[in-house]
Amino acid sequence: MHPALSIIAFTTASGLGYGLAAVLGLGLLDPTSVATKIAHFAALALISAGLLSSTLHLGNPQRAWRALSQWRSSWLSREGVMAILTFIPLCIAAYGAIFQSRYLPIAGLLGTLGAAVTVYCTSMIYASLRSVQAWHTPLTPACYLLFAGAGGSLLGLFFAASGGGNVLVLSVLSVVLLVAAWVLKWLWRQHMLSQVPLSTPESATGLGFIGKVKLFERPHSNDNYLTSEMGFRVARKHAAKLARLSVLLGGVVPVAAVAPLPLSGAVNPAFAVLLAIVAVLSHAVGVLTERWLFFAEARHAVMNYYGH
Amino acid sequence: MSDHRVELSRPVSDEVRKTTCYMCACRCGIDVHLKDGKIRYIEGNRDHPVNRGVLCAKGSSGIMQHYAPARLDSPLLRTGPRGSGEFRKISWDEALTLATGWLGEVRDRDPKKLAFFTGRDQSQSLTSFWAQQFGTPNYAAHGGFCSVNMAAAGIMTIGGAFWEFGAPDWERTKLFVMFGVAEDHDSNPLKMGISKLKKRGARFVSVNPVRTGYSALADNWIGVRPGTDGLLILALVHELLKARRIDVDYLVRYSNAPWLVIDAPGTADHGLFARDAEGKPLVFETVTERVVPAGTKGARPSLSGRTPLPDGRAVAPSFQLLAEEYLDSRHAPEAVADRVGIDAATIRGLAEEIGRVAFDEAIEIEQPWTDVYGERHQTFVGRPVSFHAMRGISAHSNGFQTARALHMLQVLIGAIDCPGGFRFEPPYPKPLHAHPRPHGKSEHFGSNQPLAGPHLGFPLGPEDLLVDAEGKPTRIDKAFSWDAPISAHGLMHMVIANAHAGDPYPVDVLFLYMANMAWNSSMNTAGVIRMLEDKDEATGEYRIPKIIYSDAYSSEMVAYADLVLPDTTYLERHDCISLLDRPISEPDSVNDAIRWPVVEPDRDVRAFQSVLIDLGARLRLPGFSDSRGQPLYADYADYIVRHERRPGIGPLAGFRGLEADRTGRGAANPDQLNRYIENGSFFSAHIPPEAQFFKHANTAYQDFAVRMGFFDQPQPVTFQLYSEELQKFRLSAQGLREPAAPEAYRERIMSAFTPLPSWYEPFEEAGVDKSAFPYHAITQRPMAMYHSWGSMNAWLRQIHTRNPLYVPGAICDAHGLKDGDWVWLSSHHGRIKVEIARSETVNRDTMWTWNAIGKRGGAWALDPASPEATRGFLMNHLIHELLPPKGDGMRWSNSDPVTGQAAWYDLRVNIERAEPDVTSQPHFEPQKRGTREVADELRYGQEWSR
Amino acid sequence: MTSLPSQPTPKKLGLVIDLDVCVGCHACVVSCKEWNTGGYGAALSDQDPYGPDVSGTFLNRIHSFEVTPEGGEVVGEAGAARLIHFPKSCLHCEDAPCVTVCPTGASYKRTDDGIVLVDEDMCIGCGLCAWACPYGAREMDLAAGVMKKCTLCIDRIYNETIPEVDRVPSCVRTCPTNARHFGDLADPRSAVSIMVAERGGMDLMPEQGTKPVNKYLPPRPRKPLAANSAPAAEDTRGATGFFAWVDDMLDRI
Ligand SMILES: Nc1nc2c(c(=O)[nH]1)N[C@H]1C(S)=C(S)[C@@H](COP(=O)(O)OP(=O)(O)OC[C@H]3O[C@@H](n4cnc5c(=O)[nH]c(N)nc54)[C@H](O)[C@@H]3O)O[C@H]1N2
Ligand SMILES: Nc1nc2c(c(=O)[nH]1)N[C@H]1C(S)=C(S)[C@@H](COP(=O)(O)OP(=O)(O)OC[C@H]3O[C@@H](n4cnc5c(=O)[nH]c(N)nc54)[C@H](O)[C@@H]3O)O[C@H]1N2
Ligand code: SF4
Ligand code: SF4
Ligand code: SF4
Ligand code: SF4
Ligand code: SF4
Ligand SMILES: [Mo]
């Protein structure tokens, strides 16, 4: 699948945003601190930026409002509806924190729930597609949720280290979620790599009863919408390298940064903030890479007709 | 729930105009839907006898053909050097005055210095007539580089050819065997027919080195090695003779099998038919045991036995010679299997199947009819085996004899023009002698006078050759000379090379119409480009001083013209698909058709035919101007209606006579074109049921043909299994007949002009070191492109923006090649660097590519960076117009020695891995990209979308 | 609506494509483009039409495949690879995933005849339906920013302004080998249903669970020639040599 920048940016940013929102919604940061106020703002900003960027690839963005109508059947529509619904408790919670320095538990918990459901909806857009076999597994939403959680707690940790709250809780949470996310991601990738293709050139053409099917000539010699959209190919060698890089940046480096953070925080708060920044940035780059691979490595069934 | 609105019954268009497609020579009927004065949709005309409503990809993309930015928009005069594509727009007045000046001067001084050749011409009856009135001996259309082997062998053997002049009986055939066809001229009828017979469960066998297109549908694919079909066919003949699966009755009635051949070696009559005083061939009558003229009522001619004639000369029926020849074990499947690349069991299986179906599954149609010998028959007996062949056998230097062999096979099993067999399409069959002799000897032309007769035809012997006293050719293309004695369609592929070399003489004006000679219709394209650019050192003038060219699009050839006469598109002009030309008849019906301007040109262009008629009048050619020098015709439309070739016979057969009630013969009808338009732009006359089969010998058909004006008296055909005409050339080669063949030609005439069909090794294969060039390379026509003229069409070009070289898996493995690798492909003449793709559906010694996808940068209004110009390629660079030099230093033309047919598919190559690349080699400097604005996005029809 | 019709549609209009006779001529491809550009919805645009990166929107495309038998059917002459041309357009699936993923309701399956359509006025061009379709039957028009797909020529098949014989899809009408057939696959007595039953019409990628309406007729089995080839026996009926036989035949005529 073509790794469209707008979509990668969207899922990464909104994942971080919703993760942070969830952390805030659980009341893990001190509502009275400036850092927490900024955190609320950051969560909303990340979510909005993500949503905006997702409309960039629309052919007719002026009609984007129509995408809210099909929540009964379409995960994309559900995602849109949930995103908007979730804004309500998130804004209330943000209002409470920013203007009243208060943690509003009902709004907060509803916000956390909304964030989780929204991320789940996003992931289900992909996981529901049988045509992209790699995505079509419950591991996909699990990964999305864990990555959002891990990213959110890392961000939360950053704000905590910046004076917003309990560093230790968030450090532990971050490490746990990071490890869980990457373990699951590893499983996800093994699952993808070991998959017996659901569809093959033989089943795609029905000609398997005669023999092995190989593309002789594609319909048009140049690329077309389908081959550019669905026919993206990344060399296996590079993919493996990138996958390792993503774990390194998205998992190993953040864990390495977060583990000594509670201690260092006691010694030098500024250093702790620095570690948190390193962890967040490295994680973001790692997740961007992971998302890129999520698309680039996924093979669409239609490619059975195009010889790759 | 559903608030989705779909407008279901929107009218398609404001108006439908019916005309004829011209995106290939199939000439299907089309319904052109017009909306707001633009073309909305083009669909097939359901009533049309050719296509019955269907259209191919090209026909369906007529919109993009018509609105292509590559269309020329005004007459052009060259300003830059040849090939640059730099021109100045001029007025028609200026263009025609200039052309008249150039041509008038030549006609006055030495008319042969005009070479007028036409390519994809569908108005050869006009262009040839014009050339004849002009008086140059140098005219031909493209048949010489196309399929003259097919046409000449067919006409000389059975009085008609596969090539548009006949078709399999799709309704009834039970076994259809096709040799070397990728697409053909008759492409929609072939597609319809193949599908029809497959649905009936009939067997379809394709003999072709490549298994794509039609061959992909075949029940049996026989992947022969190129150039060996003759061996295969003669092995089939061997098997059928051995199994006695031959139709003796048919042979006796309809062929020259019983005619007696003189056996008198060393005399001028050896191998000719014994004839009576009136010239009638003789047969041996078995009951009376006397020699009587063929066709004597009640005679039972013998097919075997040597007898002396009263004058003492020994004779034998030609069939005796035939059977002796082909029963020889040289022709056994085992003997040829290796060379052909097909195992003997398959060859035998095919022979067996042909015999079985022809005789055990014979069919009969209850329909009384009378043959030309006066005998009444109650039924038509059918041998439901049919054959078709095209350039796969034709485009070889042994193609003429291979095509003859195939026709012989058909005659032996009695499968010509019978139910279930191959059926003639009127005005064919037509016996060889009913065709004209070629004209162009020095006594046939002269200053300011018309040529004494038609240019093209069939020599009946060496005495009809167009050579001077020394045996030198009198035509620029050396047609009808010892180089190619029966070159019935001329040798267009030799014109530029010969004119450049001044051999046999230079020309002053080269006048071309609709032929991309600077690119895909030339062999040795880079060499031809050099010849067109080459200047005489002494004068600084181009070696070919003046080139006039008519094209409708900015092709590669346009860039080499000095004066460009821009044509309209096919939707903007009158045309006539005439029985005097390449007809569109079907086995059951006589058909002709017109085109008319269904849209008006929006540019300063004129229909070439009208321009030619105008030039004819300006030059005061007889036939185009009256005695006072006034033009005879206003334009082509006027000519179509009023021109008469013979009294009462004009370009169109339908709606003749003032009442529009005459068919075939009748006075000119001023309203004729309107009647055609009302009728869907075609005319069709059904052949009476008793005249539909055995046309070559069917009284009712012969009478019908005379009524229709094909002939003035009946012209039955006797199939010529044994060709006396060919034997005459051998006698000349032995010095036994006048004129004697020059020494250098004798050997090749002896081997190539055998009176019975034969096979010899293709010349290039025989001439090169086979280990240096171990493989074959051929091209195929893509169904969605017409030669070079599909690339300006935005919809068609997407299908093939480039062409890989398809290489058999075995060769890939031997050379460590895989998809997308680059290779050098070399021949004795040159090398090209191209991208490959692996393929398993091809003969193991053969590689191939699509024809004419590669383009010169800038041509066809394409961006020079387009894949057509960067990664596409032409095979033509490897094919030379001359064969490799032999010991005697003489370089023969790379053509069939009988007909001059260009031997495109004789090519031998070697393959070597090359460095990966992004540009194929050779690569040419781009020409200027035309004058029109080229859009970077198309949304055709957006204004109608709702 | 984005939800699929709750009941099976009373009619299932679709195409039956005969792989035994498709020659891969691309006529249906171009004819489809020609009918639909200027017909239903936005024009089918072409980008860089005369340049290096030419690419356009098509609702129907022809692929060609080489099929090499490995112990399967012995085709043609033993072991020989076969080339099969393969047209592909929307299959108007009964369980069309392209419809259910659509967030706007632009994609829908008609309840009365099962045709799957895009209402272009509602389409936001998100492209998700193209992802959902395993067959590659949907293409985004880059100029209009809306999703295009085969309409089954809905503006022909019900069009009362054209003659009844012509109320078939453009691709069906133009196909020179009659490899494309149009009809109601819900009606077991329709010509297309009978064809499917007799020829073993198949679904593409049944494992995707889309339940395509369109069916493909597999290439017919081939009978090899070599099987015929008992060596050509010298036919010795009533005569000894070939010429004696010939003359004997002549006597019988
Ligand atoms: N779409 C389309 N239609 C066309 C044209 C076009 O350019 N495009 N061109 C028109 C013209 S001018 C012509 S002349 C006709 C030509 O019509 P075809 O004769 O059908 O054209 P070719 O592509 O030359 O096909 C020759 C076939 O012969 C095979 N072949 C090559 N060598 C041999 C051999 O030695 N033995 C056998 N048995 N087969 C062999 C090739 O693989 C190929 O399949 O098509 C006409 N129709
Ligand atoms: N390697 C290889 N080369 C081959 C062959 C092969 O099999 N292999 N086949 C050969 C054969 S059989 C043939 S027939 C030739 C064909 O080769 P060409 O005769 O060169 O055919 P086209 O490329 O179609 O070029 C015809 C020209 O006609 C122009 N034209 C199109 N429409 C019109 C119109 O309405 N009016 C006018 N005035 N001009 C128009 C086109 O723009 C084009 O420039 O190619 C030959 N070349
Ligand atoms: S076969 Fe195609 S291009 Fe040729 S005349 Fe017919 S519709 Fe036109
Ligand atoms: S028009 Fe018919 S034969 Fe041609 S590609 Fe389409 S389905 Fe196949
Ligand atoms: S083929 Fe694709 S676009 Fe058509 S209905 Fe099925 S899933 Fe949808
Ligand atoms: S592209 Fe249009 S039709 Fe497709 S899912 Fe998006 S909104 Fe629906
Ligand atoms: S039914 Fe109509 S829209 Fe669909 S592929 Fe055929 S021509 Fe195109
Ligand atoms: Mo040709």
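In the text below, chain A, chain B and the rest are named by the order of the sequence lines, each starting its count at 1.
Smallest separation of non-hydrogen atoms from C:Val23 and B:Lys191: CG2-CD, 3.8 Å. The two atoms that bring C:Thr174 and B:Val54 nearest to each other are O-CB, 3.3 Å, heavy atoms only. Between C:Tyr50 and B:Met792, the shortest heavy-atom contact is CE2-O, 3.3 Å. Among all heavy-atom pairs drawn from C:Gly41 and B:Ser945, the shortest one is O-CB, 2.7 Å. Residues C:Pro52 and B:Ala865 come closest through the heavy atom pair CB-O, 3.4 Å. Across all non-hydrogen atoms, the minimal contact from B:Gln942 to C:Ala43 is OE1-N, 2.8 Å.
Residues C:Val30 and B:Leu796 form a side-chain contact, since some pair of their non-hydrogen atoms from C-beta on lies under 4.5 Å apart. Between B:Leu8 and C:Asp155 the shortest side-chain heavy-atom distance does not fall below 4.5 Å. The shortest side-chain heavy-atom distance between C:Phe242 and B:Ile246 falls under the 4.5 Å cut-off. Between B:Lys199 and C:Arg220, the closest side-chain pair of non-hydrogen atoms falls below 4.5 Å. Contact of the C:Val54 side chain with the B:Thr801 side chain is registered, since non-hydrogen atoms from C-beta on lie closer than 4.5 Å.
Proximity to chain C involves both the backbone and the side chain of B:Leu241, based on heavy atoms less than 4.5 angstrom apart. Only the backbone of C:Cys175 comes within less than 4.5 Å of a heavy atom of chain B; no side-chain atom from C-beta onward does. Interface remark: C:Ile84 contributes no atoms to any contact with chain B (heavy atom separation under 4.5 Å). Looking at B:Ile194, neither its backbone nor its side chain comes within 4.5 Å of chain C, counting heavy atoms on both sides. With a 4.5 angstrom heavy-atom cutoff, B:Arg929 touches chain C only via side-chain atoms. Of the atoms belonging to C:Asp166, heavy atoms from both backbone and side chain fall under 4.5 Å from chain B. Both the backbone and the side chain of B:Phe319 come within contact range of chain C, each with at least one heavy atom under 4.5 Å from a heavy atom of that chain. When heavy atoms are compared at a cutoff of 4.5 Å, C:Gln47 approaches chain B by way of both its backbone and its side chain. In this structure, chain C has heavy atoms under 4.5 Å from both the backbone and the side chain of B:Gln320. With a threshold of 4.5 angstrom between heavy atoms, C:Cys22 approaches chain B through N, CA, C or O but not through any side-chain atom. With a 4.5 Å cut-off on non-hydrogen atoms, B:Pro189 does not touch chain C at all. Neither the backbone nor the side chain of B:Ser215 has a heavy atom closer than 4.5 Å to any heavy atom of chain C.
B:Tyr41 and C:Ser170 form a side-chain donor-acceptor contact under 3.5 Å, judged by distance and modelled atom types alone. For the residue pair B:Ser304/C:Asp247, the side-chain donor-acceptor check at 3.5 Å is satisfied. B:Ser60 and C:Glu34 share no side-chain donor-acceptor pair at under 3.5 Å.
Per-residue counts of heavy-atom pairs under 4.5 Å with chain B were compared for C:Ser64, C:Ser45, C:Pro176; the largest is that of C:Pro176. Your options are C:Gly24, C:Cys28, C:Gly51, C:Ala179, and the one with the most heavy-atom pairs under 4.5 Å with chain B is C:Gly51. Counting heavy-atom pairs closer than 4.5 Å to chain C, the top-ranked of the candidates B:Gly213, B:Gly193, B:Cys56 is B:Gly213. With chain B as partner, the option from C:Arg173, C:Lys33, C:His26 having the largest number of non-hydrogen pairs under 4.5 angstrom is C:Arg173. Counting heavy-atom pairs closer than 4.5 Å to chain C, the top residue among B:Ser839, B:Ala861, B:Ser302, B:Ser61 is B:Ser839. Per-residue counts of heavy-atom pairs under 4.5 Å with chain C were compared for B:Ala784, B:Gly44, B:Pro69; the largest is that of B:Pro69. Heavy-atom pairs under 4.5 Å with chain C peak, among B:Val842, B:Leu217, B:Asp863, B:Ile42, at B:Leu217. Of the listed residues (B:Pro867, B:Ala351, B:Pro864, B:Ala869), the one with the most heavy-atom contacts under 4.5 Å to chain C is B:Pro867.
B:Arg244 contributes no side-chain N or O that, together with a main-chain N or O of C:Val246, makes up a donor-acceptor pair within less than 3.5 Å. Side chain of B:Arg211 to main chain of C:Leu83: no donor-acceptor pair is present (N/O by atom type, distance under 3.5 Å, no hydrogens or angles). Side-chain N or O atoms of B:Arg797 include one that pairs as donor or acceptor with a backbone N or O of C:Pro49 at under 3.5 Å. Of the possible polar contacts, one joining the B:Arg46 side chain to the C:Val165 backbone as a donor-acceptor pair under 3.5 Å is found. Panel note: side chain C:Arg222, backbone B:Ala218; a donor-acceptor pair is recorded below 3.5 Å.
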(message) Working note: B:Glu840 + C:Thr68, criterion side chain to side chain donor-acceptor pair (under 3.5 Å); need CA distance, chi angles, decisive distance, verdict.
(response) CA-CA 8 Å; B:Glu840 308 297 339; C:Thr68 312; over 6 Å; no

(request) Go through B:Arg939 and C:Leu44 one step at a time and tell me if the side chain to side chain contact (heavy atoms under 4.5 Å, CB included) criterion holds. (result) CA-CA 6 Å; B:Arg939 301 183 76 187; C:Leu44 299 172; over 6 Å; no

(request) For the pair C:Asp46 and B:Gln798, evaluate side chain to side chain contact (heavy atoms under 4.5 Å, CB included) and give the outcome as yes or no after the intermediate values. (result) CA-CA 10 Å; C:Asp46 302 281; B:Gln798 294 183 47; 2.8 Å; yes

(message) With side chain to side chain contact (heavy atoms under 4.5 Å, CB included) as the criterion, how do B:Val6 and C:Leu117 come out once you've worked through the C-alpha distance, each side chain's angles and the decisive distance to 0.1 Å?
(response) CA-CA 10 Å; B:Val6 180; C:Leu117 282 182; 3.8 Å; yes

(message) Set out, in order, the CA-CA distance, both residues' side-chain angles and the distance that settles side chain to side chain contact (heavy atoms under 4.5 Å, CB included) for C:Trp35 and B:Val12, then state yes or no.
(response) CA-CA 9 Å; C:Trp35 173 258; B:Val12 181; 3.6 Å; yes

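Residue B:Asn188 holds its CG atom at 10.0 Å from OG1 of C:Thr177, rounded to the nearest 0.5 Å. Distance check, rounded to the nearest 0.5 Å: NE2 of C:His85 to CE of B:Met783 gives 6.5 Å. Atom CG in B:Asp936 sits 7.5 Å away from atom CG in C:Asp48 (nearest 0.5 Å). Residue C:Glu160 holds its CD atom at 16.0 Å from CZ of B:Arg10, rounded to the nearest 0.5 Å. Atoms OG1 and CH2, from C:Thr37 and B:Trp795 in turn, are 6.0 Å apart once rounded to the nearest 0.5 Å. The structure places CE of C:Met122 at 5.0 Å from NE2 of B:His4, a figure rounded to the nearest 0.5 Å.
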